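Numbering of ligands and ligand atoms starts at 1, following listing order. Quantities reported herein were computed from a predicted structural model and do not represent experimental measurements.
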Amino acid sequence: MSALRLERRIVIISTLFVLVLFGLATLAVSMFHVGLPTCLTDIKPFLKGEVITHSPDHLEVHYVSKMWAFDPEEVVVPAGATVDFYVSARDVTHGLILIGTNMNLMAVPGVVNYARVKFDKPRDYTLLCHEFCGTGHERMAAKVRVVDRATFEAHQQAPKPPKETDPTYKLLDAKDCLTCHSIDGSESIGPTLKGILGRSVKLKSGATVTADEAYLRESIVNPSAQIVDGFDDVMPKAELTDAELRQILDYLKTLK
Ligand code: CUA
């Protein structure tokens, strides 16, 4: 066979191969509903997580990724629903993988990424950050709980826990304090706020101090001044008005 004929044959075979691949991709999208992740450049990135229930068959979730949590932390979805996930990042680049589905998106500051997932059966899914994003990366996770219709209706009607309607709780949430500090005693990236007033605190320097109001104020205003033993110096300075600082200090006294 001449070199020219061989070359022509190679070109024809590779063209056919590309066409077959293109056809299979089109088939996957149209017949099997394999969604293609999309970068939406015309949507302004949102700063607050949200779940919008259009109907029990169609939900929309806005995930905000931030060091080191996803907002919302838990999403409840009725089985059979299609969910549109929109993803943005507040600080650095994060990655979202919803294990057990084909949702795998990057969360990049400045843009919104999108993927659609249909959830057929009740099951818990774990959402993980798969892009190294700093000290708390490995703890960055959230949940999607797919439940039956009746459980979903009950969940929709259940009253919100009273703490979430508390104005100071909302302030702490808005200032991202609760990403790293729990109020229920559980360990996180930062020490828990539960029972913090009057607690004896061992510092990285080796000294032990009592968490009085002056200590708490300094730890909020100038977080690097006294680092608690076992934790890292990663807390950013909070931007608070004097009134907000007062409000938070009064609230901390109530977290016995
Ligand atoms: Cu966010 Cu890793």
Side-chain angles (χ1 to χ4, degrees), residues 35-52 59-77 83-117 119 123-146 164 169-193 204 219-220 223-224 227-228 230-239:
L36 296 180
T38 317
C39 178
L40 307 169
T41 47
D42 54 341
I43 295 186
K44 202 169 172 290
F46 32 82
L47 298 173
K48 197 80 199 111
E50 203 178 354
V51 180
I52 303 163
L59 281 78
E60 187 176 321
V61 177
H62 297 181
Y63 271 124
V64 175
S65 331
K66 56 192 178 186
M67 294 160 144
W68 290 280
F70 295 110
D71 176 22
E73 227 174 290
E74 186 177 286
V75 175
V76 178
V77 173
V83 183
D84 288 321
F85 290 102
Y86 294 86
V87 171
S88 76
R90 276 264 291 266
D91 33 44
V92 298
T93 300
H94 301 273
L96 287 83
I97 184 160
L98 190 60
I99 311 228
T101 73
N102 59 8
M103 183 173 108
N104 185 341
L105 293 172
M106 297 306 293
V108 183
V111 296
V112 173
N113 280 317
Y114 164 79
R116 168 174 277 190
V117 180
F119 294 97
R123 192 197 136 168
D124 282 4
Y125 292 89
T126 301
L127 178 73
L128 286 181
C129 178
H130 63 61
E131 180 73 14
F132 181 69
C133 54
T135 322
H137 159 72
E138 78 282 0
R139 294 174 192 237
M140 195 166 160
K143 273 239 152 349
V144 174
R145 284 179 49 218
V146 182
E164 285 179 25
Y169 183 91
K170 282 190 186 161
L171 174 66
L172 288 170
D173 193 24
K175 297 290 176 184
D176 281 336
C177 311
L178 302 174
T179 304
C180 301
H181 299 282
S182 80
I183 61 166
D184 63 1
S186 60
E187 281 273 332
S188 182
I189 293 155
T192 181
L193 301 178
K204 227 168 201 160
S219 297
I220 296 170
S224 300
I227 299 299
V228 180
F231 295 94
D232 293 314
D233 180 9
V234 292
M235 176 170 156
K237 278 188 189 170
E239 290 191 17

Side chain to side chain contact (heavy atoms under 4.5 Å, CB included) between Leu105 and Tyr63, worked out:
CA-CA 11 Å; Leu105 293 172; Tyr63 271 124; over 6 Å; no
Please state whether the rings of His62 and Tyr86 are parallel, tilted or perpendicular, taking 30° and 60° as the class boundaries.
perpendicular
Atom 2 (Cu) of ligand 1 -> His137, closest N, O or S atom is ND1
Checking distances from atom 1 (Cu) of ligand 1, one finds that the N, O or S atom of His94 closest to it is ND1
Inset, instruction - May I ask you to check if any N/O/S atom from Thr93 comes under 2.8 Å of atom 1 (Cu) of ligand 1? - result: no
* Side chain of Lys204, backbone of Phe231: donor and acceptor closer than 3.5 Å? -> yes
Would you say atom 1 (Cu) of ligand 1 has Cys133 as a near neighbour, meaning an N/O/S atom of that residue under 2.8 Å away? yes
Here the pair of heavy atoms bringing His94 nearest to Glu131 is C-CB, 3.7 Å
For O in Glu131 and SG in Cys129, the angle at atom 2 (Cu) of ligand 1 (nearest 10°) is 90°
Without swapping roles, check the side chain of Ser65 against the backbone of Ser88 for a donor-acceptor pair under 3.5 Å.
-> yes
